[in-house]
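To start, the structure itself, in structure tokens.
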Amino acid sequence: MIPAVYRIERRIEEMPGTFTLSLLPGAREEVVSLRPGQFNMLYAFGAGEVPISSSGTADTPGLVHTIRAQGAVTRALERLREGDTLGLRGPFGNGWPVARLAGRELLVIAGGLGLAPLRPIIYAQLQGSMNVHSVRLFYGARRPAEVLYRSELEQWGRALEVVATVDHADVNWPGRVGVITAPLSTAQLDPQHTVAFICGPEIMMRFCVQLLMGKGISPANIYLSMERNMKCATGHCGHCQWGPNFICRDGPVFRYSDIRGWWQIPAL
Amino acid sequence: MQSFILEACHLDQLIQAIRQHGFQLVGPRLQDGAILYCEITAADQLPRGWTDEQEKGRYRVRRREDDAFFGYNAGPHSWKKFLQQPRRPVWRAQKAAHAMQIEAVVEDAPAMAFLGVRSCELHAIAIQDRVFVDNRFRNESYAGRREKLFIAAVECATAAPTCFCTSMNTGPEVSLPADLVMTEVIHDTEHYFLIRAGSARGEDILHQIPVEAATARQLRQAAAAVERVRQQVEAGPRSFDSSDLKALLYRNFESPAWDQVAERCLSCANCTMACPTCFCSTVEDTTDLSGDHAERWERWDSCFTADFSHLTGGPVRADTRSRYRQWITHKLATWHDQFGTSGCVGCGRCIAWCPVGIDITEEVERVRRLEG
Amino acid sequence: MEDIEELLRQHTFFRDIADAHLRTIGGCGVEVQYRPGEYIARENMPADYFFLIRRGCVAVEIQLPNSGPLCLQTLHEGDIFGWSWLFPPYQWTFDARAVDSVQAIQLDGRCLRGKCEAEPELGYELMKRFARIMTERLQATRLQLLDIYGERPGPAEGSS
């Protein structure tokens, strides 16, 4: 499976080191269609590939990926400009189980860059294509300057409940200060009808899962997106194994009740 | 399936018949002080009259007292290097004025014939088939080579102390399909192969070589030779109860056994390289000096290397304890959940080729003992 | 103005508490309002009260000598703040400032301390609820300390 060549239509600098690319395929290629939570392997010429989740909408052409430059490949992708090309393989993995949400109250819980794989869910809700009772977004970031999609968060806040909080801020930040678990712990929710989608650093997800279970939400109604080293994305290279799971093939989105045993084991 | 007799002196005719069918024949050969799998063009290249002594961290070839062609045991090579290539180009990319072009490197897969595949090795190939062919995605390089492969299996008439096929239900008699299945029999002055075809291709070959129908006595002799090996392996030092391995290891992620083995394990990856089922690989992306041509290569990798589990910030499995646990737990336990089979065939290569003599069967028993 | 007992009952902090306890506690409470920017508590001042926030946002701050106030945390509807009244020297350890218009219930700590001593059952009920909040705050503080969204050296880089 070789990458298709895509061209960067638009590049948005979200914050220093984090950028969003909108991609369109070359003339000969068909547009890959990603479900929320699925990912593509993006190839920077000569540097290598990285798995990046979809951050776009279902109904706009092309693909949208938000990337943080932190390794050789993502730094190479960071140097690309509008009009440049990159390679793309996908889609891979299982996405968020949107079909299981009928009539449910959905909690979207994101930390840091973990908002990127959940943005398609927010878009779907704004477009009215989600068959849910309600969607609430809880978003935690490190500092005001590291709040992802900041202007969009404000727009979203007019259509759905958005609670954004930062871990650290000076007094000029008008919003909440405190970790993501603080607003979650006082949130009123109906544990029988609530489903949670969580994406963020593993520690943040662990705290959130514990808190949600303390509020009576069943482990079967909690979903999270896992990250491990990936080379092939096709279940062949073995790198992303986590217990019996291949993150690329069986994830990256997992139902917590299916993986809670593996979650407990350090250095698995 | 009717069994025939091929006299040992006619073995070369079998080799030539297979080669005349257009196959590149690979078989055992004495080289560099070991019995390796290499290209074979004639029967006199086979390790006739040679065997090996194997133990933990030890492998030596020595002369046999007879002239058996296949009187040796699993050596440092496994067939996987011909199917899952140790290193192969995957794609080539080129920078044009405003775009890049990417082209798959598509191999015209060689038609290979393996001569001397043991039952445990047939199982190993079947296990890798599940990873690379019968999975959601196919590895086209592997699948292309595998599709054309001709297998001449040889049942074991010898066993090393490191063998434990009977514990893993993979031998010594051949129980999986092969194009040809042979059993080598040496009895007094007799030296012959019991041979049967398992495919139309195998039958074609049989028609071209001087075989005659096997007698009941010859059938009994061949069966007895394999039965002796079965008894030898069952009574051998590595024989153990594998029926509860998955449950045992799933219960013991925090066993003190991992700390103990980590004191000896060098994380050298030898076991994973020698193992006929270990399938992990990584990729290398390179450019030439002009920066306009890039290549992607795939090569074997091991869960024992430091960067195998690398995430931003560092590896998930930072120490040997977690890496050895990953390897053995994958091999014997999680493999069942992933592919519906164990990842171990009991060939014993990881025992012989471990430089510090770590023995997978001992480590299982250590986990069991420390649990009690 | 709503009955203070009813307001207490509506607040998550007192969810499912016995009516008798609520009556006793209600006797120590009054409704209060703060304008944006107004200080509700100042570091080192006597801490005679604790607050249940009904509406608005309260910033917990500390004054730094060279850069003014630093916000450690904001508190919102459903949160409570203030437990300095529980232990000597009964002084606030941080500033609490109304960020916007804040409506709260102020409970008199001295009054409550006396009632808790007299009624251990009430005292235990109250302490359980405080302990839970303190545990949550401690966990939150630990999470904040972990700086989970920042890049961090992995275990290997840390040890070698």
Side-chain angles (χ1 to χ4, degrees), chain A residues 1-7 26-29 41 43-50 68-74 76 83-89 92-93 113 201-202 227-246 248-250 261-262 264-268, chain B residues 90-91 93-96 98-105 131-132 135-140 142 250 253-254 278-288 291 293-296 298 301 303 307-313 315-319 321-323 325-326 329-330 333-338:
Chain A
M1 193 175 184
I2 63 159
V5 176
Y6 274 63
R7 186 175 298 279
R28 285 175 303 162
E29 323 276 3
M41 297 298 282
Y43 170 66
F45 185 86
E49 285 184 306
V50 280
R68 174 147 66 191
Q70 48 194 3
V73 180
T74 46
D84 288 345
T85 53
L86 49 71
L88 184 148
R89 292 190 294 139
F92 296 114
L113 209 63
E202 221 168 290
E227 186 192 7
R228 284 292 181 269
N229 191 2
M230 274 184 211
K231 295 292 181 192
C232 71
T234 55
H236 294 157
C237 80
H239 282 253
C240 69
Q241 284 181 84
W242 184 52
N245 307 290
F246 290 88
C248 71
R249 188 188 74 175
D250 308 318
W262 307 114
Q264 321 293 346
I265 303 169
L268 185 64
Chain B
V90 182
W91 73 60
Q94 199 163 318
K95 240 183 210 167
H98 288 294
M100 72 169 93
Q101 289 166 346
I102 305 175
E103 264 179 38
V105 178
V131 179
F132 292 130
N135 207 338
R136 192 182 302 176
F137 294 95
R138 273 160 63 102
N139 175 328
E140 295 301 337
Y142 179 98
Y250 271 30
F253 278 92
E254 302 301 342
C278 270
F279 59 82
C280 288
S281 63
T282 189
V283 289
E284 284 167 357
D285 290 280
T286 56
T287 51
D288 65 3
H293 303 90
E295 288 183 341
R296 158 159 289 201
E298 182 191 289
D301 198 5
C303 53
D307 63 352
F308 187 84
S309 61
H310 180 84
L311 274 186
T312 306
V316 173
R317 297 181 207 109
D319 55 11
R321 172 188 184 275
S322 58
R323 291 183 206 156
R325 180 181 71 182
Q326 164 63 22
T329 306
H330 181 216
T334 55
W335 209 299
H336 285 280
D337 280 339
Q338 294 173 345

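Numbered from 1 within each chain, the chains take letters A, B, ... in sequence-line order.
Listed by chain and residue number, nothing satisfies the side chain to side chain donor-acceptor pair (under 3.5 Å) test with B:H336 (two or more places apart in sequence, or in another chain). Taking the salt bridge (charged side-chain N to carboxylate O under 4.0 Å, His left out) definition, one finds that B:D337 meets it with B:K246, sequence neighbours left out.
If you measure heavy-atom distances from B:T329 to chain A, you find no contacts under 4.5 Å at all. Of the two parts of B:Q326, only the side chain, counted from C-beta on, holds a non-hydrogen atom closer than 4.5 Å to a non-hydrogen atom of chain A. For B:R138, the part lying near chain A is the backbone, with the side chain staying farther off; criterion is any non-hydrogen pair under 4.5 Å. With a 4.5 Å cut-off on non-hydrogen atoms, B:D307 touches chain A through its backbone but not through its side chain. Residue contact with chain A, scored on non-hydrogen atoms closer than 4.5 Å, involves the side chain of B:F253 exclusively. With a threshold of 4.5 angstrom between heavy atoms, B:L311 approaches chain A through side-chain atoms but not through N, CA, C or O. Contacts between A:Y43 and chain B at a heavy-atom distance below 4.5 Å involve backbone atoms as well as side-chain atoms. For B:Q94, the part lying near chain A is the backbone, with the side chain staying farther off; criterion is any non-hydrogen pair under 4.5 Å. Proximity to chain A is limited to the side chain of B:D301, based on heavy atoms less than 4.5 angstrom apart. When heavy atoms are compared at a cutoff of 4.5 Å, A:M1 approaches chain B by way of both its backbone and its side chain. Only the side chain of B:Y250 comes within contact range of chain A, judged by heavy atoms closer than 4.5 Å.
From B:R317, atom CZ reaches atom CG of A:L268 across 6.5 Å, with rounding to the nearest 0.5 Å.
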Problem set entry | side chain to side chain contact (heavy atoms under 4.5 Å, CB included) evaluation trace for A:I265 with B:E254 | CA-CA 8 Å; A:I265 303 169; B:E254 302 301 342; 3.9 Å; yes
For this session: Would you check, one step at a time, whether the test side chain to side chain contact (heavy atoms under 4.5 Å, CB included) holds for A:C232 with B:E298?
Result: CA-CA 9 Å; A:C232 71; B:E298 182 191 289; over 6 Å; no
Problem set entry | Chi angles and distances behind the side chain to side chain contact (heavy atoms under 4.5 Å, CB included) call for B:V316, A:W242 | CA-CA 10 Å; B:V316 173; A:W242 184 52; over 6 Å; no
Problem set entry | Evaluation steps, side chain to side chain contact (heavy atoms under 4.5 Å, CB included), between B:F279 and A:H236 | CA-CA 7 Å; B:F279 59 82; A:H236 294 157; 5.7 Å; no
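Nearest heavy atom pair, residue B:V283 against residue A:K231, reads CG2-CD, 4.0 Å. The heavy-atom pair separating B:M100 from A:G87 by the smallest distance is CE-N, 3.8 Å. The nearest pair of heavy atoms linking B:N135 to A:G235 is ND2-O, 3.9 Å. Pairing each heavy atom of A:A267 with each of B:S322, the nearest pair is O-CB, 3.4 Å. Between B:I102 and A:I2, the closest heavy-atom pair is O-CD1, 3.5 Å. Heavy-atom minimum distance, B:F137 versus A:A233: CE1-O, 4.3 Å.
Per-residue heavy-atom pair counts under 4.5 Å with chain A were compared for B:D288, B:D285, B:T334, and the maximum is reached by B:D285. In terms of heavy-atom pairs under 4.5 angstrom with chain B, the leader among A:C240, A:G261, A:G243 is A:G243. Heavy-atom pairs under 4.5 Å with chain B peak, among A:E227, A:Q264, A:M230, at A:E227.
B:R136 has its side chain out of reach of A:T234: every pair of non-hydrogen atoms, C-beta onward, lies at least 4.5 Å apart.
Aromatic ring pairs are classed by plane angle as parallel below 30°, tilted from 30° to 60° and perpendicular above 60°; the pair B:F308 and A:H239 is parallel.
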